[in-house]
There are 2 protein chains.
Amino acid sequence: MKVAILGGTGSFGRGVAVRLAAAGVDDVVIGSRDAERAQAIAAEIGGRVSGATNDDAVRGADIAVLAVKADAALDTARDIAGALGVVPLFSVASALSFSKDGVRSDPDARAIAERIQDLVQAPVVAGLHTIAAANLEEAAPQEDALICGDDLEAKTLAIEISSRIVAGAALDAGPLASARALEGLTAVIVNVNKRYKAHAGVRITGVHHE
Amino acid sequence: MKVAILGGTGSFGRGVAVRLAAAGVDDVVIGSRDAERAQAIAAEIGGRVSGATNDDAVRGADIAVLAVKADAALDTARDIAGALGVVPLFSVASALSFSKDGVRSDPDARAIAERIQDLVQAPVVAGLHTIAAANLEEAAPQEDALICGDDLEAKTLAIEISSRIVAGAALDAGPLASARALEGLTAVIVNVNKRYKAHAGVRITGVHHE
C-alpha cells in the first residue's frame with residue numbers, strides 16, 4: 001500500500017507518517033510544496049518513508065492524506081486535484097477560531113471536507129480530527145478514530161490506514177456530512193485540553209466492532 | 001437541589017429523572033404539558049420524583065432540563081420562557097435528518113441550544129447529547145458527559161447534575177458554540193450504532209479532571 005501525506009512536513013503529517021511506517025505500511029511518501037524539505041523530514045523519520053512534491057507524492061498512491069493546516073486545505077486540494085485524479089483524499093483538517101471565551105469551530109455550516117469534495121473529482125473521506133499530533137509521536141495512541149465519507153471503498157481504505165495509526169478502533173462514523181460534527185469536535189477537544197490542562201482524545205464505548 | 005425536567009415524560013427525560021433520583025437529588029420534578037401524565041410517570045419512577053405542568057415544574061428550580069424532542073425544543077423554550085425567568089435551561093436536543101446514506105445533523109449552522117438562547121432570558125447550557133435514553137434506565141452509564149455554555153455558573157450546575165447521571169466524568173466542553181459539534185455528535189453516534197449494531201457512547205481519554 002502506498003500512502004501519500006500531503007503537507008506531511010507539519011507535526012500532524014509527520015505523526016501520521018511515523019505511525020504508518022511503524023505499522024508496516026511499505027510505501028509512505030511525505031509530500032510538500034518543497035521536495036527537499038519533504039525528503040529531509042522523511043530522512044529524519046527513516047524506514048520506508050520518502051519525500052516528494054505533493055504532485056509526485058500522490059501519483060500511484062492508494063490514498064492521500066491532506067495534512068496541511070486548515071487554512072491551506074482548500075487551496076492545496078485545488079492545487080493537487082489534477083495529479084490526484086480519483087485517488088481517495090483523506091481530509092483531517094478542522095477550522096477553529098480562538099476567542100477569550102474558548103475555541104469555536106468554523107461558523108460555516110458545511111465541513112471543510114465537504115467543501116474539498118466540491119474541488120476534486122476524487123472521493124473525499126474525513127477523520128482523525130480528535131487525534132492530536134503530539135499523541136502520535138511516541139506510540140499509537142489509546143484512542144479511537146472516527147472516519148466518515150460517502151464513498152464506501154474510499155472510506156474502507158481510510159478506516160484501514162486509521163486502524164494502523166491508533167491503538168483503539170477505527171470506526172465508520174457515517175456519511176461525509178458527519179465531518180461537520182467531527183471537525184467541530186476538535187474545538188471541543190481543544191477546550192477540554194485548555195480547561196483541564198489535558199491531552200484529550202476520544203474513545204467510543206459500547207461498540208463491539210469486527 | 002431542585003431539578004425540573006421539561007417534557008420529562010419521554011424516554012430521555014424519564015432516564016434523567018431515574019438517574020437523578022437514584023443519585024440522591026432531593027427534588028426532581030417531571031414537567032409536561034399534561035400534569036396528570038407527568039404525575040403518572042413520576043409515580044412509576046417513585047422516590048423523590050414528582051410531576052407537574054412544565055410551568056409549575058420550573059418555578060423554584062435550580063436548573064431545568066429541556067428534554068422534549070428536538071422538533072419541539074424551540075416551541076417549548078418559547079412557551080416556558082416566562083415561567084423560567086433566569087433559571088438555567090439545559091438543552092439536550094439534537095436535530096437529526098435520516099436518509100438512506102445515514103443520519104445527518106441539522107443543516108443549520110447554529111445549534112438548537114444557540115437558537116434557544118435567542119428565545120429565553122435564562123442562561124442556556126447544552127450537553128448529554130451522546131447519552132442514549134436506553135443507557136440511562138438500569139444504571140449510570142460508563143460514559144462521559146460533555147457540557148458547554150457561555151454562563152459559567154449555569155455550566156457548573158449542569159456539570160454537577162450531569163456527574164450524577166453518568167458513571168464517567170462530566171466535562172466542560174467550552175462555550176455554547178460547542179453545542180454545534182455536540183449536537184452533531186449525536187448523528188455520529190446513531191451512524192455508529194447502525195453500522196455496528198451497537199449502543200455507542202463517548203469517553204474522553206487523557207483528562208485527569210478534578
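Below, chains carry the letters A, B, ... as their sequence lines are ordered, and counting in each starts from 1.
- Neither the backbone nor the side chain of A:Glu183 comes within contact range of chain B, judged by heavy atoms closer than 4.5 Å.
- Without hydrogens or angle criteria, B:Tyr196 side chain to A:Asp172 main chain gives a donor-acceptor distance under 3.5 Å.
- With chain A as the partner, the residue from B:Gly174, B:Ala187, B:Pro175 showing the most heavy-atom pairs under 4.5 Å is B:Pro175.
- Within the 4.5 Å cutoff, side-chain heavy atoms of A:Val202 are placed close to those of B:Val202.
- A donor-acceptor distance shorter than 3.5 angstrom exists from the side chain of A:Thr205 to the backbone of B:Gly201, with no hydrogens or angles considered.
- Shortest non-hydrogen contact noted between B:Gly184 and A:Ala181 is C-CB, 3.3 Å.
- Looking at A:Asn191 and B:Cys148, their side chains never come closer than 4.5 Å, going by heavy atoms from C-beta outward.
- The structure places CD1 of A:Ile204 at 9.5 Å from CG of B:Asn193, a figure rounded to the nearest 0.5 Å.
- Scanning both residues, A:Gly206 and B:Ala198, for their nearest heavy atoms gives O-CB, 3.3 Å.
- Between B:Ala173 and A:Val188 the shortest heavy-atom distance is CB-CG1, 3.8 Å.
- Between B:Val207 and A:Ala200, the shortest heavy-atom distance links the atoms CG2-CB, 3.8 Å.
- Residue A:Glu137 places its CD atom among more than 12 non-hydrogen atoms of other residues, nucleotides or ligands, all under 6.0 Å distant.
- Per-residue heavy-atom pair counts under 4.5 Å with chain A were compared for B:Glu143, B:Lys194, B:Arg203, and the maximum is reached by B:Arg203.
- Atoms CD1 and CG, on B:Ile189 and A:Leu171 in that order, are 9.5 Å from each other to the nearest 0.5 Å.
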